[in-house]
Structure formats: structure tokens, C-alpha cells
Amino acid sequence: MKKIGTAVIGTGFWGKNHARIYNELESTELVAICDVNRERAKAVGSMFGVKSYTKSSQMLKNEDIQALSICTWSTKLAEETLKALEAGKHVLVEKPMATHTKQAEKLLETAEEWDLLLTVGFLMRFIPGLQHIREAVENKKIGELVCATARRVSQWPERIGDVGVVKDTAIHDIDIMRYISDEDPIGVYAKTGSMRHRKFEDYAQIMLTYEDGKSAFIESNWLTPYKTRTLAVTGSEAIMRLDYMTQKLWIEAPKENLQPRYPWQEPLKLELQHFSDCILEKKKPLITGVDGLKALQIAEAVLRSSAKNRAIKLK
Ligand SMILES: NC(=O)c1ccc[n+]([C@@H]2O[C@H](COP(=O)([O-])OP(=O)(O)OC[C@H]3O[C@@H](n4cnc5c(N)ncnc54)[C@H](O)[C@@H]3O)[C@@H](O)[C@H]2O)c1
């Protein structure tokens, strides 16, 4: 089988994992990496035995590269994604995809114009327990969906210095709420603030409302001394709880409690496998550019709601 030539732009904490997985998958071959930090680029290039660059425009000339992961600082994601698309490459851009929706819109237009695949790194969607929840909600196995509550709290990862907790962290849960309900919220009310971070908000409490009366609650912060990543979904007949870290799922109903077991799988590996399958089979990815744009639009409304201290209507 011919492998897809891949590369990674931005090989810090997270991009290094993308490089490792492209190197491991049967269907992909890591061709090169790029990082503006010369020492890091050299070290990661030699770790995987591939050519390293400090300027992406140089690397993008390489015709053996068909697809890229963009894992730079959040404020550089859109710029690097645009360059990669304009060089004719398929792109998986990390969340939050762009810092502003205008930049994200430009990426969607460019991908469409060049007929390229553009997907966003909302890797939680690949966790089997979340897929189970999505399917159970769709088939009303827990009755009518009433509400969902997500908690994603931990200490501030100090390397994240260019966006706040909403665009960095809560955005995962914003996407998950859209995914499990298969619907866009119609309103948002949020409280955000900063306790320790100098430039950006480091906590956020978010309420999303839906047309039919259901709601979603998201608590995100960089203040809690331990790390929690959970989801609880309340239906009229049962509730489901997922721990994203252990990937354990619980279903509790009045007459029985179930714990469907799925073996733990590395979400990033599932995500990159899916990315490469979509390229090979020319199919639509589970997460589209539109999903990235919509999550960013909601994240911006969260910040506006908190600044204005009022609920914001979403279009
Ligand atoms: N999906 C997830 O669960 C997940 C998890 C962690 C990080 N991320 C995302 O991945 C991205 C990177 O996060 P990180 O934790 O690895 O940060 P990091 O600071 O450890 O790494 C970023 C790297 O990008 C490099 N860089 C910056 N601008 C560049 C450019 N224009 N060209 C080439 N290299 C450039 C930096 O030198 C650095 O090595 C962020 O957008 C973050 O939101 C996503």
C-alpha cells in the first residue's frame, strides 16, 4: 500500500505526538517536521530520522508531503494552515483552529477552493465511550436528552500563553455538546475571569441553551490542583457518565447500572488514522472545518457574554 506522506508544523509538547503517530501508522509516513525553534526542530527531526525545517514555506515545497498536522502556538495555527492549504496539502489543524472566526472562515474557503480536506483536532470525539453516548442520545436509549455537564479542570499548563481557557480548553466541550446533541445551541450565558493568569481568563462557567429547552453546562479552569475531564449526560430515563482520562463509561437507570467496557485507546492515534483513511478514501471527516468554525463562534460568544454580563443569542 502506498503511504501518505505527512509532516508536522510545530513540534512542541503536542506536535511531537503527531509526529510519533505518523511514524507508527501503517498508512502514513512521516516525511519532515518544522519548528521555529531550531534546536527543537533538529532534535525532533533526528528522533524520527526525518528532515527538519525552521521555515514551513521551505518544507511545503516538498511534493512528497500530502498531508500535515498544524500544532503551533494557537495564535499561529491559522497562518500556518493557510500556507499549507495554499501549497495544496490536506490539513489537520489543532484546536482552536484560529484565534478569530474571520481567520477560520478564510481557511474553510481556501480548503473548498482547492478541494482539500480540512479537519480540526477535537480528538475527544474518537473516544469509544463518547461514541457510545452519541449513539445512545441519538437512539433515545436514555430517553429525552435533558442536560449535559462537562468538567475540564486542572492547573495552568504554563506553555499555553497566547489564548485563555475558553479557546484552549472549554472549546473541546463546546464541540462535544454540539456533537452529542447533533444540534447547535441557540444561546449562551457565561462567567469567565482571571485569578492567576496575567493576560487571559483562567476560569469559565458556561451555560448553553437549546431550542427545545435542554441545556449544557461547562466548567473549565486552570486553577484546580488536580486534573479532571468528565462528562455527565442526563436523559429522562437514565444518566451516562464518562471519564475521558480512564475512558470508563457508566450508565445508571432506575432498574440497572451498566458499565460497558471498551479497551483504552489513544485518541490521537484514532484521530490520525481517521484523517489518513479520509484522505485515502476521499471521504468527509468526522470533524469538518465547519465544526471548528462553529466551536470558535460559540467560544467568542462565551467571552462576549461574560464581558457584557448577559445572555447572547447564537445565530
Ligand atoms: N487536541 C488536543 O487535545 C491538544 C492537546 C495539546 C495541545 N493542543 C494544541 O496544540 C497546539 C500546540 O500546543 P503545545 O502544547 O504543543 O504547545 P508548545 O508550546 O509545547 O508547542 C508549540 C510549538 O510550535 C512551535 N511554533 C510556534 N509557531 C510556529 C510556526 N509558525 N512555525 C513552526 N513552529 C512554530 C513552537 O516553537 C513550539 O515548539 C496548540 O494549538 C494547542 O491548543 C491540542
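All ligand and atom numbering here is 1-based and tracks the order in the structure. No hydrogens, no waters, no symmetry mates; every other heavy atom, side chains included, goes into these values. Bear in mind the structure is a predicted one, so any value in this text is a computation, not a measurement.
- At a threshold of 4.0 Å, the pair Glu39-Lys42 does not count as salt-bridged, since none of the basic side-chain nitrogens sits closer than that to a carboxylate oxygen.
- Across Arg151, Arg229, Arg152, Lys95, a single residue satisfies salt bridge (Lys or Arg N to Asp or Glu O under 4.0 Å) together with Asp173, and that is Arg152.
- With hydrogens and angles disregarded, a donor-acceptor distance shorter than 3.5 Å links the side chain of Gln103 to the backbone of Thr99.
- Ion pairing of Glu183 with Lys214 is present here, as a side-chain N (NZ or NE/NH1/NH2) and a carboxylate O approach within less than 4.0 Å.
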Anything under 3.5 Å between an N or O on ligand 1 and a protein N or O? List each pair with its distance, or write none.
unit_1   : atom_1 : unit_2 : atom_2 : d
ligand 1 : 1 (N)  : Glu94  : OE1    : 2.9
ligand 1 : 1 (N)  : Gly121 : O      : 3.0
ligand 1 : 3 (O)  : His172 : NE2    : 3.4
ligand 1 : 15 (O) : Arg159 : NE     : 2.4
ligand 1 : 15 (O) : Arg159 : NH2    : 3.2
ligand 1 : 16 (O) : Phe13  : N      : 3.3
ligand 1 : 16 (O) : Trp14  : N      : 2.8
ligand 1 : 19 (O) : Trp73  : NE1    : 3.3
ligand 1 : 20 (O) : Phe13  : N      : 3.0
ligand 1 : 31 (N) : Glu80  : OE2    : 3.0
ligand 1 : 34 (N) : Val36  : N      : 3.2
ligand 1 : 37 (O) : Asp35  : OD1    : 2.6
ligand 1 : 39 (O) : Asp35  : OD1    : 3.2
ligand 1 : 39 (O) : Asp35  : OD2    : 2.6
ligand 1 : 39 (O) : Arg40  : NH1    : 2.5
ligand 1 : 41 (O) : Thr72  : O      : 3.3
ligand 1 : 41 (O) : Ser74  : OG     : 3.1
ligand 1 : 41 (O) : Lys95  : O      : 3.3
ligand 1 : 43 (O) : Lys95  : O      : 3.0
ligand 1 : 43 (O) : Lys95  : NZ     : 2.9

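- Looking at residues two or more places apart in sequence or on another chain, you find no salt bridge (Lys or Arg N to Asp or Glu O under 4.0 Å) involving Asp35.
- A donor and an acceptor atom, one from each side chain of Glu201 and Ser194, are nowhere located under 3.5 Å apart.
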